[in-house]
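What follows is one structure encoded as structure tokens, with my remarks underneath.
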Amino acid sequence: MDNPAVAQVLREVADLLEIKGDNPFKIRAYRNAADIVANHPHEVAGLDVLALREIPGIGKDLAARIRELVDTGELGYHRELVAEFPPSVLDLLGLQGIGPKTVATLYRDLGVRTVDDLERAASEGRVRQIRGMGAKKEALILKALEERKRHAGRHLMPDMKDLAATLVDFLAQNAAGTHLQSVGSLRRGTETCGDIDILACGAEPSLMDVFVSHPLVERVLGRGETKSSVRLKDGVQADLRLVPSSSRGAAMQYFTGSKAHNIALRDRAVGQGLKLNEYGLFRTADDTLVAGDTEEGIYRALGLAWIPPELREGHGEIEAAAGGLLPALVARQDLRGDLHTHSTETDGKDDVRAMIEAAQAAGLEYVAITDHSRALAMANGLDETRALAHASRIRSLDGHQGVRVLAGIECDILADGTLDLADDCLASLDLVVASVHSSFAQDKRQMTDRLLRAIDNPWVDILGHPTGRLLLKRSPYAFDLEAVLDAAARRGVAIEINCQANRLDLCDVQARFARDRGVRLVVSSDAHSRRAFRRLDWGVTVARRAWLQPVDILNTRTFDAFVPLLRRHQR
DNA sequence: GCCGTTTTCGGCCCGACTGTTTTCAGTCG
């Protein structure tokens, strides 16, 4: 059992305890333990009880429970809880506005066990009859169900990338010499993906048996000579396609898409007396093969430069490739700094020193520690006094392991657009990321004014996760993006591409729009633990899909070149 | 359930908002 699997069970125990109404501190202990395990550098399965107990937050009970789990693959305590509440009720917690108490009430009073049960109950008007609920709550539930339906079958890109990598590794161990590659929306780097497509070039047909026998496979949907489909846990569908090596490029191109890109490409081929399909590029007149074993060859034969998969969305990339105008896209190794991270001073999992060391390990030259401000009480946010004391401790670590360190803050933008901390405090810090964490329901006018007012504050350097969306869960708040971007461009405030898997905020289209309006962007991890610097990959994917080049992103600069570009140093 | 140089009990991050109340419960962050 690996760490994510252990963490998952602990998290389920916490959720079930919460539904049950158990001691909140016990719930926190389980949730905390789940985070610890998920972020632990070693596999907990390899640690004995004593070693487990040395981890802060893991005591006698949790150490024993974790051992039981990794030794037997099961947890008796978990089983007991599942006997009280069917595990399907955990799905209800994923609905916006539905928490553990509501789940417990719905189960107890209406026998709601599944999302489908809830939908029936709400649409039949039974929810409003429960004490403590009313017509508005029922409408809220129906809206949350509607949102969920809209996102059904979609999954976050980073999760799917990990899953695809697991499958590809497994296949690679069983098919030496085969070229394996995940294609489809995963290769293009879209923020959410519906399924996993894997291409195997030059493999034996027996690879299909290996594929359908993977432990994660729940059901085999189809098994053929060249294509098999399976359903994995969490309902993810994965397809494996076998193609001959001679068609590798054509198949990669075809299965990577997007549909719009492929249609435009085939249209271009037809105009040149050619025909493009998943087997190759052929002359229409006599069916001779023109290209097929590499993608580059296909694009070249069509008079185009090779187009990076992230751009293949039918958003002008073919015209750009024809005119030699494709951007030299930013890559992960172009990032030299991270401008949004948290430490144990607020809700981070690792202290400042560990975060700096992790930044160094991630190949960064500089990092800003930007803990929360006081309005985020749940995160133990900092007031002015604590912020300044924290800043001086952060600065004392400047240069640790050769990393330049900025003492910053992620300061809340309050409902009226003022900032959560006094200007003189913000002025004494090295960098201020301003973000909205409350009052999401304001109308468009209010929210726009709020953001504009925040941007007017001379000590705001970066606007953090600007739209507030949570992928597959919450829509962006209503505001005039164009007005905010124009103000940011005018004032020299940078706009963040937040790398959290469920944020990716700004998104690709908006980031491209922002750049075109003269806004400067940053790519920041918003890391709450030392392992989370990995997320920078995902933000870079967004940036690439936004056609961004290194010059468009402030934190590709060296430290000395970057600092003067901060808004506070511009006059 | 964890923790401890205020140590084996009694603490443990909490404020804003919403909808349901008629003084509060639930959710979110």
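Since we're looking at a predicted model, the values are computed, not measured. Within every chain, numbering begins at 1; the chains are lettered A, B, ... in the order of the sequence lines, protein sequences first and strands thereafter. Because only heavy atoms are used, hydrogens play no part in the values below, and waters and symmetry mates are left out as well, while side chains stay in.
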Of all pairs that satisfy side chain to side chain donor-acceptor pair (under 3.5 Å), the ones with a partner from residues 79-105 of chain A, not counting sequence neighbours: A:K20-A:E84, A:E74-A:R79
Mutual orientation of the aromatic rings belonging to A:Y366 and A:F562 [parallel < 30°, tilted 30-60°, perpendicular > 60°]: parallel
Selected nucleotide, minimal atom distance to A:Q96 side chain, candidates B:dC28, B:dT27, B:dC3: B:dC28
Pair A:D117 + A:R120: basic N to acidic O under 4.0 Å: yes
First of A:R131 and A:L93 reached from the 5' end of DNA chain B, by closest nucleotide: A:R131
Non-hydrogen atoms of A:A359 and A:V367 that approach each other most closely: CB-CB, 3.9 Å
Nearest-Å distance once atom C1' is located in both B:dC3 and B:dC13: 16 Å
For A:L421 against A:A387, the heavy-atom pair lying closest together: CD1-CB, 4.3 Å
Presence of donor-acceptor pair under 3.5 Å, side chain of A:N32 and base of B:dG1: no
Pair assignment for B:dT27, Watson-Crick or G-U wobble, requiring both distances under 3.5 Å: B:dA16
Sugar-phosphate only, base, or nothing, as touched by A:P100 at under 4.0 Å among non-hydrogen atoms: sugar-phosphate
Sugar-phosphate, base or nothing in reach of A:A139, heavy atoms under 4.0 Å: nothing
Below 4.0 Å: OP1/OP2 of B:dC13 and any side-chain N or O of A:T346: no
A:Y77, nearest nucleotide to its side chain (from B:dC13, B:dG1, B:dG29): B:dG1
Atom C1', compared across B:dT21 and B:dG26: separation rounded to whole Å: 12 Å
Under 4.0 angstrom between A:K26 side-chain N/O and B:dG1 OP1 or OP2: yes
DNA chain B-proximal residues of residues 437-449 of chain A, any heavy atom under 4.0 Å: A:H437, A:S439, A:F440
Within 45° cone and under 6.0 Å: A:R474 NZ/CZ vs A:F440 ring: yes
Nearest-neighbour nucleotide for the A:K136 side chain, B:dG26, B:dG19, B:dG15 considered: B:dG19
Touch class at under 4.0 angstrom, heavy-atom based, for A:L95 against every strand present: sugar-phosphate
Side-chain N or O of A:R31 closer than 4.0 Å to phosphate OP1/OP2 of B:dG1: no
Side chain of A:K101 (C-beta onward), nearest among B:dG26, B:dC14, B:dC13: B:dG26
A:T102, nearest nucleotide to its side chain (from B:dG1, B:dC17, B:dG26): B:dG26
Proximity of A:H340 and A:H528 rings by center, below 6.0 Å: no
Touch class at under 4.0 angstrom, heavy-atom based, for A:R65 against every strand present: sugar-phosphate
Candidate nucleotides B:dG29, B:dG1, B:dC3, ranked by approach to the side chain of A:Y30 - the nearest: B:dG1
Sugar-phosphate only, base, or nothing, as touched by A:R374 at under 4.0 Å among non-hydrogen atoms: nothing
Upstream residue (5' side of DNA chain B) when A:T105 and A:N380 are each assigned their closest nucleotide: A:N380
Atom C1', compared across B:dG1 and B:dT8: separation rounded to whole Å: 15 Å
Sugar-phosphate, base or nothing in reach of A:L470, heavy atoms under 4.0 Å: sugar-phosphate
Steps toward salt bridge (Lys or Arg N to Asp or Glu O under 4.0 Å) verdict (A:D35, A:K349): CA-CA 8 Å; A:D35 283 345; A:K349 299 278 179 259; 3.3 Å; yes
